[in-house]
Structures are given as structure tokens and as C-alpha cells.
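Below: one structure, written as C-alpha cells.
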Amino acid sequence: MKCTVSTGLLLLGVLAVGAVQGASFNNTFPDGFLFGTASAAYQVEGAWNEDGKGESIWDHMLHVHPDFVVDGQNGDVADDSYHRYKEDIAILKELGANFYRFSISWPRIMPTGEANNINQAGIDYYNKLIDELVDNGIQPMVSMYHWDLPQWLQDLGGWTNPIITDYFEDYARVLYENFGDRVKLWVTFNEPATFMTGYTSERGMAPSIFKPGVGDYLTTHHLLIAHARAYHLYDEQYRATQQGKISITLSSSWEEPLTNSTADAIASERSMQFVLGIHAHPIYSKEGDYPAVVRERVDKNSKAEGRTRSRLPVFSKEMVEYIRGTYDYFALNYYTSHLVTEMDTGYDPSIERDCYVARSFDPSWPESSSVWLRVVPWGLRKLINWIHKEYDGPEIIITENGVSDRGTLDDQSRVSYYTSHLAEILKAIHEDGCNVGGFTAWSLMDNFEWLRGYSERFGLYSVDFSDPARPRTAKASAQVMKEIFHTRQLPEQANVRGSKSIS
Ligand code: GBH
């Protein structure tokens, strides 16, 4: 159903209760709250083999297996941001973004991933991008790793080989040395929970190696160490002069109990620990290490499988201490929620089997163009509160939030998605006392959506992928976000849209 002004007005009474919750709703973002948008190198840059760039695991996988992507496409050209970054910065400026979250392609600056093999042209590209951002008053926020590992390192076992933590520290040093004078917001990894699934499917996220319940936990173990090494390196050698902030972007759904039974409450909590706690607890909790329930269940299942050791590797006491506290803020991606109940599910072995829950959507939750994404704004408020309580009130920066459609310019469903999620963030801040310091819209513009190719669109700006010039065109959502970024308030009109159901 298309939302017209009159439907909006008719619904006003209901909406006042739903979206804005009566007169007490405070629609103003606190001073210092930052607004930005995000992208990732493989999804926007293109120029996959230009100027000395090395091959990444995504280049490699999609050149060998184009059939892994629904529309047979890849990121060879994508938004052509490698050549058109000035256009990206022009639209960021038009939006009034305070910062731009982008990722650096490791193989663009280190073609094999090795520090003795630096590609100066790659360094030059990111210098130009960063300078242009800074010149336009937009802070760069850099993700060091958004999934495009150098293929050379994958050939050594990628994230399953502990040697990767040495290489990652080398890479982080190159980043601090070259860009740390201007980059003050860092994220080591984007969504470990997603890229660990590179080891849970034969045709999924790169490298698509099917070793569920083993390869994914090895990835988790080594990336946590790599994260801590990058953090300590900064602390010891760069923080005093560069004075930036470092985090790791963790993605989480809100895992709502299916019913109000005690069993479902326990399943919901266990699911939170397997989805978010597995990466968050070692870094953010007081005691460090993996969450007890994760440790217990994987150890128990590993033993029952007749193994000599747990599939989830064990941190030494020293390593627990080394990883604990390696954050300056909590970087969170949120898209959707699930209903959770206890159930034996998944391959044997697998993280699903270890977690022992079944996840579903409530049929009333509005759909998007992505099967995995239903619109559940209140889940974000609950998730923020859970993190606030579980990890003792860290500053939370939302590093991704957004919704897909098929690419319409009049994207009212995206307007509704953003305004309703921003309303929940405001409630978390003003009514619940949580510390949320910033919001990042995924995404600045339509881009290469991994296994969904160009079939699902998340941009505030539309990109015409049939035109070699890849023109960027503002959608309705860009206009609304521009207003919010400028006024630092959720407009009344946007609140009306905010509760409209998605059609
Ligand atoms: C984010 O992941 C990514 O950081 C970003 O790069 C991406 O463009 C954005 O979402 C939108 O997708 O295909 O059914 O197996 C969000 C978490 C985890 C959601 C993996 C999709 C695969 C579901 N993602 N998941 S499915």
C-alpha cells in the first residue's frame, strides 16, 4: 500500500501512541551526537585489479563462482568509488553527515597482506579520500576489515591460522602510520558474526569453506586476538600522538523470547550470548573470556562428539586479560530481531547446534526486500538496553542500521524504517539513560550487496548500475535524513511516517 498524506493523517491518533509515545517523547538528539553513513570497500570501490591492487577472497570467490550471487554479479566495478569518491563526498556533504564510515581494502594497500609489499597507489587513494573528507568537514571513520582478506593470506588458511594475528597487526601499523594523523575513529572488524560464516557454507560468504562448528570458532578466536593486538599497538605507539578511538563493530539481532515461559527466557538469553556475547564478552565484560554458557555448551558437545578438545579454542589467563577492555566505545550494527525458543537444530556440529535455539519472525513484523530482515524498531531499544546493562554502560555508536527495497526513488519504507529506529534510540537515551553517541545509516548509496548482488538496495542515494557513469540520485530518504542531520531532531512529520507499515 502506498502511504498518502491522508492515510498518514488518519493514522495520527494511533501513531502518537506508537511512535512518539505521547507528549513526553523528546525528539532532540543530544549535543555531540554524530550522524553519518557507511559503506565498505568491496561493495563500492570497484577497480578490483587497478594500480597494483591484490586479489581479495571476494574477488577470487566470485570470479571462480559467479553463480554464488543471485544475479551473477560481483564487485569488479560496483559504484566505481575508486574513481568517483569525490561524488560520494559531495553527497555526504549534501546530507550534512558528520562522519563517513568506509573500509580500507587490505589487498589494495598490501596486495598479498604482507608488510614488505606495500602498494603506494593504494595508500595514495585512501589519502586522497581522507583529505577530501577532512577538507569538507566530514570525519573519517575507518573499518580496517570489512571481509576482503588478501587471497594470499587465505591460501595460508586465512582466519583459521593463528599466524593471521601477526599479519593483522602489521596491517594495523601501516594504517596508523599512514592515516592515523587524520583518522580518529577506528573499527578493527566489521561483524565477526557474519564473516565467521565464511566457514559454515559451501556457497556463502567468502571463502565458502564448509567446516561448521570448527572453522567459524577458529575465526572468532583469532580475530579477537588480532583485534586486541591492533588495540594494544595503538595504545603503546600511537594513542599519545594520534588520540583516536578504537572499537570493533559487532552486529546483533534482538533475540526476543517466543513466549513468556521460563524456558524461552533462558533460550533468548543463551541466543544473545551466542550471537553477540561470543564476540562482545571477551572485550567488554568485567571478567573477560567467552560467555560461560557458550564455553559450557561447546565444550559439552565437543566431548560428546568424542573429541580430545573443545571446538572452541581456549584463551590462556594472560590472553583473557590481554583482550579484556580493548575498546574505546561499543560499535553496534542493528537490522532486525527474532523470536527465540529452545530447539535442537542445525548441522552436527555447528554453532546452531551448540546454541540450541530456533529463530523465527513474528508474521506481523513488516517485511523488507531481504528475507533475513524484518522491521522491528523496538528490538533496537531492547538491544541497546541489554548492552548497557550487560557491559556496564559503554558509549554505543550505531555503526550500521538500514533496510532494503528494490530501488525505488520514493522509498517511503526506508523513511519509515529510519525514523522509527531513530525514535527508539531517542527513547533509549532520554527515557532509559543509555549512552548512545552516534548513528550510521547503511548505506550512503546502493552498492554490491554480497550474495544478493545488485538485487537488494540499501542506499539513501540510488545508483544506476547500467550507466558507466554510475550516477548517484537522492531518494526520498536522503531528503529526510538531511533534515534530521541538520536539525538534530526527529521531525513531527517523520514521526508520522515512522509508524507506517512497510508495503
Ligand atoms: C551488514 O550485515 C553488512 O555489514 C553490510 O556489508 C551489508 O551490506 C548490510 O548488512 C546489508 O546486508 O543471506 O539469508 O544467509 C548485516 C548482517 C548477516 C545480514 C548475514 C545478512 C545473511 C543472511 N548480515 N546475513 S542470508
Side-chain angles (χ1 to χ4, degrees), residues 37-50 53 55-85 87-88 91-92 100-103 105 108 143 146-148 190-191 194-195 197-198 201 203-206 208 333 335-336 367-373 400-415 417-418 440-478 502:
T37 74
S39 71
Y42 187 68
Q43 296 181 269
V44 302
E45 283 180 3
W48 79 275
N49 62 352
E50 262 179 67
K53 177 179 169 295
E55 189 187 37
S56 78
I57 57 175
W58 277 90
D59 295 322
H60 183 84
M61 183 177 86
L62 296 187
H63 290 153
V64 179
H65 301 289
D67 56 304
F68 283 13
V69 175
V70 285
D71 55 8
Q73 300 290 313
N74 59 41
D76 286 1
V77 180
D79 291 327
D80 199 22
S81 287
Y82 185 71
H83 300 109
R84 299 177 190 282
Y85 67 92
E87 296 171 38
D88 300 346
I91 57 179
L92 281 160
Y100 181 43
R101 175 175 179 237
F102 63 94
S103 81
S105 162
R108 189 178 294 290
S143 312
H146 201 124
W147 313 346
D148 46 353
N190 182 66
E191 298 193 349
T194 304
F195 78 82
T197 68
S201 168
R203 42 179 306 148
M205 306 304 282
S208 285
N333 289 359
Y335 288 89
T336 199
E367 292 180 3
S368 68
S369 291
S370 306
V371 284
W372 57 271
L373 202 174
E400 283 179 33
N401 174 243
V403 73
S404 59
D405 60 19
R406 298 284 171 200
T408 173
L409 286 178
D410 187 25
D411 58 340
Q412 294 305 322
S413 63
R414 181 165 296 102
V415 170
Y417 184 95
Y418 278 128
T440 319
W442 182 276
S443 183
L444 174 60
M445 57 195 162
D446 293 343
N447 56 52
F448 179 71
E449 187 45 42
W450 309 108
L451 302 171
R452 313 306 299 173
Y454 298 101
S455 71
E456 296 174 13
R457 306 292 178 90
F458 281 82
L460 297 172
Y461 284 76
S462 160
V463 175
D464 181 354
F465 294 99
S466 63
D467 184 334
R470 298 292 192 275
R472 287 93 161 110
T473 308
K475 302 180 188 177
S477 58
I502 300 245

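Between Y418 and L460 the shortest side-chain heavy-atom distance falls below 4.5 Å. Using a 4.5 Å heavy-atom threshold, the side chains of S208 and H65 count as separate. In this structure the side chain of V403 reaches within 4.5 angstrom of the side chain of R414, judged on heavy atoms. The closest side-chain heavy-atom distance from L444 to I91 is below 4.5 Å. With a 4.5 Å cut-off on side-chain heavy atoms, S143 and R101 count as touching. Between F465 and D446 there is a side-chain heavy-atom pair separated by less than 4.5 Å. Contact annotation: the side chain of S404 never approaches that of E449 to less than 4.5 Å [non-hydrogen atoms, C-beta and beyond]. Considering only heavy atoms from C-beta on, F68 stays 4.5 Å or farther from N74 through its side chain.
When all heavy atoms of Y335 and L373 are compared, the pair lying nearest together is O-CD2, 3.6 Å. Of all heavy-atom pairs between D464 and S466, the closest is OD1-OG, 2.6 Å. Between K475 and G459, the shortest heavy-atom distance links the atoms NZ-O, 2.8 Å. For Y85 against Y82, the heavy-atom pair with the smallest separation is CD2-O, 3.8 Å.
Among S370, S369, S368, the single residue meeting the side-chain hydrogen bond (donor to acceptor under 3.5 Å, both in side chains) criterion with E456 is S370.
Between the OG atom of S56 and the CG atom of N49 there is a distance of 11.0 Å, given to the nearest 0.5 Å. Of the inter-residue distances, the one linking S81 atom OG with N447 atom CG reads 8.5 Å to the nearest 0.5 angstrom. Note that the OG atom of S103 and the OH atom of Y42 stand 12.5 Å from one another [nearest 0.5 Å]. Between W442 atom CH2 and N333 atom CG the span is 8.5 Å, to the nearest 0.5 Å.
Ionic pairing of R457 and D411 is not present here: no N-O contact between side-chain nitrogen and carboxylate oxygen is shorter than 4.0 angstrom. Look at R470 and E87 and you find no salt bridge, because none of the NZ, NE, NH1 or NH2 atoms lies under 4.0 Å from a carboxylate O. A salt bridge does not link D79 with R472: every distance from a Lys NZ or Arg NE/NH1/NH2 to an Asp or Glu carboxylate oxygen is 4.0 Å or more.
Put simply, the side chain of K53 never gets that close to the backbone of A47: no donor and acceptor are under 3.5 Å apart. Side chain of Y417 to main chain of G402: a donor-acceptor pair is present (N/O by atom type, distance under 3.5 Å, no hydrogens or angles). Between the side chain of W147 and the main chain of N190, a donor-acceptor pair closer than 3.5 Å is present.
Residues D410 and T408 have side chains that never bring a donor and an acceptor to within less than 3.5 angstrom of each other.
With F458 as the aromatic partner, R452 does not meet the cation-pi criteria of under 6.0 angstrom to the ring centre and within 45 degrees of the ring axis.
Ring geometry for W450 versus F448: interplanar angle over 60°, hence perpendicular rather than tilted (30 to 60°).
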H63 and E55: CA distance, side-chain angles, deciding distance, side chain to side chain donor-acceptor pair (under 3.5 Å) verdict:
CA-CA 10 Å; H63 290 153; E55 189 187 37; 4.8 Å; no
